[in-house]
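One structure below.
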2 protein chains.
Amino acid sequence: MLQLDALTSLKRTFRRGEYLYRCGEHFQSLFAIRTGFFKTQVLHEDGREQVTGFQMPGEIIGLDAICTDVHTCDAVALEDSEICEIPFDRLETLSRELPSLQRHLHKIMSREIVRDQGIMMLLGSMRAEERLAAFLLNLSQRFSARGYSPTSFYLRMTRQEIGSYLGLKLETVSRTFSHFQEHGLLNVRVREVEIMDLIRLRSFVSHT
Amino acid sequence: MLQLDALTSLKRTFRRGEYLYRCGEHFQSLFAIRTGFFKTQVLHEDGREQVTGFQMPGEIIGLDAICTDVHTCDAVALEDSEICEIPFDRLETLSRELPSLQRHLHKIMSREIVRDQGIMMLLGSMRAEERLAAFLLNLSQRFSARGYSPTSFYLRMTRQEIGSYLGLKLETVSRTFSHFQEHGLLNVRVREVEIMDLIRLRSFVSHT
DNA sequence: CATGGTTTTTGACCTATATCAAACGTATTT
DNA sequence: AAATACGTTTGATATAGGTCAAAAACCATG
């Protein structure tokens, strides 16, 4: 594990709005987020954007670029952030020597595939309220896993970015927040979210 | 590469409708499709299904299960098919000795992530006509890569399965096929598709 | 701390797709 | 070959979410 540390010794900081990488750039390294918050997005030629994910500390970014050695999306800092660069060829070399590292890498890639499946499910067969509930519960769970409150957090992204991620227009996102608030499920003050009724919010997404 | 052959020596056949694996089953092997056609799907507890992909010969299935050692979706044969089983722990062992195999595995996993990004884009920000056009062009490209006609092929899946994959109802899929036919873009006779105007179909999905 | 720009909320109205329903085709079984 | 089940097409109607617009809240900057 010392060797792994050596691998990830290159650190860099990004100001809010800065690009970690852009679609089309040559791929060399994965990036581990140490602090901060990122989004990844794909841009259509006609200007439409699709946010493909929001990443927080401990998560790995850039896996999509392995297959062609070219980044297939943009990664943008949503707040001032710090990342570790992981040169991919060195990671591959090292993982040939460390089976546990190899296994770990495979699990990370597989987890990304499972995450994407979840988003397909969300975009393909959920209604607006279910999508937003699923989104908030996912954030809640990830904040919680990092030692933060599962019920009270600050949204780093705009309504338009949430909408793009969820396949909804920003107005629909805003209205759905308002509905949830009216029904006592949560309190929202713009970017500040407090979940009042986790149970009921959960029943929204998987209404058995 | 001889060693790889030894790895994939376990072959099995499946009749149409049979399950290669089911959600929740223990994961041990990846599967390479030799002949035939599969779909993968996730089922909600409330009965809604989401088709997450259609797989054809040469493609690898089961990558989602690596992260938890449990399959997270069903894989169902859409026609009589033959697959190669690839025991995953042996694949990992072998890929530690063969850097080119290691690289190949990583590229395959990454390609799956990129594929999923494309579906997110499709589900999140395209209209019905664009979705179906993108779907048909994707099939066209994949048939073509396997030496079959890019313009004339047989659909192995039902309208309902296409709809589930594209986040549309089967009636919408059917109507959109009819529209395309009325506009001279293609001829459809139920499962038999003939693309008459590839160029115009392309301009549908990436209308610059 | 005033200013200009962005983001969010809310309302009124519209449209793409869903829903419901019926007829029709196509496969499978007997 | 008839019977039955399943998949597809098409029409009429409903609705969730999109669009357009304006006001309000927020926030960065000089």
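Computed from a prediction, not measured in an experiment: that's the story for all the values here. No hydrogens, no waters, no symmetry mates; every other heavy atom, side chains included, goes into these values. Order of the sequence lines fixes the chain letters, A, B, ..., with proteins taken first and strands second; residue numbering starts at 1 for each chain.
Phosphate contact (OP1/OP2 of C:dT6, side-chain N/O of A:Thr158, threshold under 4.0 Å): absent. Of the side-chain N and O atoms in A:Ser174, one or more sit less than 4.0 angstrom from OP1 or OP2 of C:dT9.
Between A:His71 and A:Tyr21, the ring-plane angle classifies as parallel under the 30° and 60° cut-offs.
Note on B:Glu82 versus B:Lys11: no salt bridge recorded, every NZ/NE/NH1/NH2 to OD/OE distance being 4.0 Å or above. Ion pair B:Glu161/B:Lys39 flagged as a salt bridge, since at least one NZ, NE, NH1 or NH2 atom sits closer than 4.0 Å to an Asp/Glu carboxylate oxygen. B:Arg189 has no carboxylate O lying under 4.0 Å from a charged side-chain N of B:Glu192, or vice versa, which leaves the two without a salt bridge. A salt bridge links A:Glu130 with B:Arg48: at least one charged nitrogen is closer than 4.0 Å to a carboxylate oxygen. Salt bridge present: A:Arg146 and A:Glu59 bring a charged side-chain N and a carboxylate O closer than 4.0 Å. Between B:Arg15 and B:Glu79 there is no salt bridge, since no side-chain N of the basic residue sits under 4.0 Å from a carboxylate O of the acidic one. The residues B:Arg90 and B:Glu85 are annotated as not salt-bridged, no charged nitrogen and carboxylate oxygen being separated by less than 4.0 angstrom.
Atom P of nucleotide C:dT17 and atom CZ of B:Arg127 are separated by 6 Å, given to the nearest angstrom. Going from atom CD of A:Glu129 over to atom C1' of D:dG17 covers 12 Å, rounded to whole Å. One interatomic measurement links the two molecules: CD of B:Gln181 to C1' of D:dT8, which rounds to 13 Å at whole-angstrom precision. The separation between B:Met126 atom CE and C:dT17 atom P is 13 Å, rounded to whole Å. Atom-to-atom, CG of A:Leu155 to P of C:dT8 comes out at 9 Å; the value is rounded to the nearest Å. One interatomic measurement links the two molecules: CD of B:Gln160 to C1' of D:dT8, which rounds to 12 Å at whole-angstrom precision. The separation between B:His179 atom NE2 and D:dT9 atom P is 12 Å, rounded to whole Å. Rounded to whole angstrom, the span from the CZ atom of B:Arg191 across to the P atom of D:dT9 amounts to 10 Å.
Closest to the B:Leu170 side chain, of the nucleotides C:dA18, D:dT9, D:dT10, is D:dT9.
In this structure, the ring of B:Phe27 has its center less than 6.0 angstrom from the ring center of B:Phe88. A distance of 6.0 Å or more separates the ring centres of B:Phe38 and B:Phe31.
Heavy atoms of B:Gly167 sit under 4.0 angstrom from primed sugar atoms or phosphate atoms, though from no base atom.
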Sequence-aligned protein contact record of nucleotides 20-30 of chain C, with B where the base is within under 4.0 Å of a protein heavy atom and S where only the sugar-phosphate is: B-----S-S--

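Stacking of A:Arg22 on the aromatic ring of A:Tyr19 is recorded, both the 6.0 Å distance cut-off and the 45° axial limit being met.
Between the side chains of A:Gln160 and A:Glu49, at least one donor N or O sits under 3.5 Å from an acceptor N or O.
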What does the list of N/O pairs under 3.5 Å between the protein and nucleotides 3-5 of chain C look like, with a distance for each?
none

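The rotation axes computed at either terminus of the helix from C:dC1-D:dG30 to C:dT30-D:dA1 lie 60° apart, taking five pairs at each end and rounding to 10 degrees.
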